Amino acid sequence: MIEAKPVNESVIEMVHLVLPNDVNLLGNLKGGTLMHWIDIAAALVASKHSNCYVATVSMDSLDFKHPSKLGSMVKLRAQLISVGNTSMKIGVSVTSENLRTGEVIKTNDATLVFVALDKDGRPTRVPKIAK
């Protein structure tokens, strides 16, 4: 029997500085770059919870509320939402901070699903969420 684990043991927070290679012609963070960062943060949560390598099954949603601008600090906070037998649903919240003014704005929310893999690359059971 796999021991249940609390959600707070697998929370991940990542910070990125939006640099010139990260932006489009409007000076906004490229969506694909943000998706990459979100996928990494969520995968780390799933790996920490399962103690396994994981594979992305789906990005169920990605909402773009506001752009992140060149020179801003982007913070991603990812945490477990729910678990199945071999899968885990992860939520990622993204904020952008203007380093000149200190203004922080919520820019994105995303939900992803991952599956835990055993040493042979097959789906394997994951711990339940501790109450």
Side-chain angles (χ1 to χ4, degrees):
M1 183 71 162
I2 301 173
E3 190 173 330
K5 295 171 73 173
V7 169
N8 66 351
E9 284 187 8
S10 60
V11 171
I12 291 290
E13 292 184 344
M14 293 174 53
V15 178
H16 292 275
L17 175 63
V18 180
L19 297 170
N21 281 343
D22 300 325
V23 298
N24 60 25
L25 295 174
L26 299 174
N28 297 331
L29 176 62
K30 292 183 270 190
T33 300
L34 179 63
M35 289 173 72
H36 176 77
W37 295 348
I38 287 170
D39 188 52
I40 290 171
L44 288 170
V45 168
S47 289
K48 281 186 74 170
H49 182 76
S50 66
N51 294 114
C52 296
Y53 290 137
V54 297
T56 309
V57 173
S58 66
M59 182 175 278
D60 292 347
S61 67
L62 174 54
D63 299 323
F64 290 88
K65 301 170 189 300
H66 298 279
S68 292
K69 294 292 192 179
L70 175 65
S72 63
M73 179 172 59
V74 174
K75 293 183 184 179
L76 299 92
R77 186 175 195 283
Q79 78 176 47
L80 200 59
I81 295 172
S82 63
V83 299
N85 289 323
T86 63
S87 65
M88 296 155 283
K89 183 178 278 192
I90 314 296
V92 182
S93 176
V94 183
T95 59
S96 181
E97 181 175 344
N98 181 316
L99 295 174
R100 288 188 175 155
T101 67
E103 178 188 17
V104 177
I105 189 164
K106 185 168 189 174
T107 58
N108 306 84
D109 284 308
T111 306
L112 300 87
V113 176
F114 288 81
V115 65
L117 303 172
D118 67 15
K119 62 180 175 47
D120 298 316
R122 290 183 291 226
T124 189
R125 293 187 66 82
V126 299
K128 297 299 179 196
I129 296 173
K131 301 263 188 243

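Predicted model, so just to flag it, every value in this text is computed and none were measured.
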Subject >> Approximate separation, where rounding is to 0.5 Å, of S82 OG and M88 CE >> reply: 10.5 Å

**OP:** Kindly indicate whether the side chain of V74, heavy atoms from C-beta on, has any atom under 4.5 Å from the side chain of V15.
**Re:** no

Original post:
Where do S72 and S96 come nearest, in terms of heavy atoms and distance?
Top reply: OG-OG, 3.2 Å

**OP:** Please report the closest heavy-atom contact between P127 and E3, naming both atoms and the distance.
**Re:** CB-O, 3.3 Å

Subject >> Distance, nearest 0.5 Å, that separates CD1 of I129 from CG of N8 >> reply: 11.0 Å

Original post:
Which distance, rounded to the nearest 0.5 Å, do you find between the NZ of K65 and the OG1 of T107?
Top reply: 9.0 Å

**OP:** Please report the closest heavy-atom contact between L62 and A110, naming both atoms and the distance.
**Re:** CD1-CB, 3.8 Å

Subject >> Pair V11-V45, side-chain contact (heavy atoms from CB on, under 4.5 Å): steps then yes or no >> reply: CA-CA 6 Å; V11 171; V45 168; 6.0 Å; no

Original post:
Below 4.5 Å, heavy atoms only, C-beta onward: do L34 and F64 meet side chain to side chain?
Top reply: yes

Original post:
Which one of N85, T56, V57, V54 satisfies the side-chain contact (heavy atoms from CB on, under 4.5 Å) criterion with V115?
Top reply: V57

**OP:** May I ask you to check whether over 12 heavy atoms, not counting those of Y53, lie within 6.0 Å of atom OH?
**Re:** no

**OP:** Decide yes or no for C52 and L117: does some side-chain heavy atom of the first lie under 4.5 Å from some side-chain heavy atom of the second?
**Re:** no

Subject >> D120 versus R122, closest heavy-atom pair with distance >> reply: OD2-NH2, 2.9 Å

Subject >> Identified side-chain contact (heavy atoms from CB on, under 4.5 Å) partner of L80 from the options H49, K89, E9, K5 >> reply: H49

Original post:
When hydrophobic residues are tied together by side-chain contacts of less than 4.5 Å, even through go-betweens, does L26 share a cluster with L29?
Top reply: no

Original post:
Does the side chain of F114 reach to within under 4.5 Å of the side chain of I90, using non-hydrogen atoms?
Top reply: yes

Subject >> Pair R77-I12, side-chain contact (heavy atoms from CB on, under 4.5 Å): steps then yes or no >> reply: CA-CA 6 Å; R77 186 175 195 283; I12 291 290; over 6 Å; no

**OP:** State yes or no: do M14 and L112 share one hydrophobic cluster built from I, L, V, M, F, W and Y residues joined by side-chain heavy-atom distances below 4.5 Å, directly or via other members?
**Re:** yes

**OP:** For residues V126 and A116, report the shortest heavy-atom separation together with the two atoms involved.
**Re:** CG1-CB, 3.3 Å

**OP:** Write down the atom of L99, the atom of G71, and the distance for their closest heavy-atom approach.
**Re:** CD1-O, 3.5 Å

Original post:
If only atom types and distance count, is the side chain of N24 paired as donor or acceptor with the main-chain N or O of G27 below 3.5 Å?
Top reply: yes

Original post:
For the hydrophobic clusters of this structure (ILVMFWY residues joined by side-chain heavy atoms under 4.5 Å, transitively), does one cluster hold both V113 and V83?
Top reply: no

Original post:
Given side chains that start at C-beta, do those of E97 and E103 come closer than 4.5 Å, heavy atoms only?
Top reply: no

Original post:
Got more than 12 heavy atoms from elsewhere within 6.0 Å of NZ, K69?
Top reply: yes

Original post:
If you measure from NZ on K106 to NE2 on H66, what distance do you get to the nearest 0.5 Å?
Top reply: 10.5 Å

Original post:
Do side-chain atoms of N98 reach the backbone of G102 as a donor and acceptor pair under 3.5 angstrom?
Top reply: no

Subject >> T95 side chain reached by I105 side chain, heavy atoms, under 4.5 Å >> reply: no

Original post:
Would a distance-only check, ignoring hydrogens and angles, find a side-chain to backbone donor-acceptor pair under 3.5 Å from D22 to L19?
Top reply: yes

Original post:
Would you say L44 and M35 are hydrophobically clustered, going by side-chain heavy atoms of ILVMFWY under 4.5 Å?
Top reply: yes

Subject >> Path from M59 to L76 over hydrophobic side-chain contacts below 4.5 Å >> reply: yes

Subject >> Atom pair OG/CG of S68 and N108 - distance to nearest 0.5 Å >> reply: 6.5 Å

Original post:
What distance do Q79 atom CD and E13 atom CD have between them, rounded to the nearest 0.5 Å?
Top reply: 9.5 Å

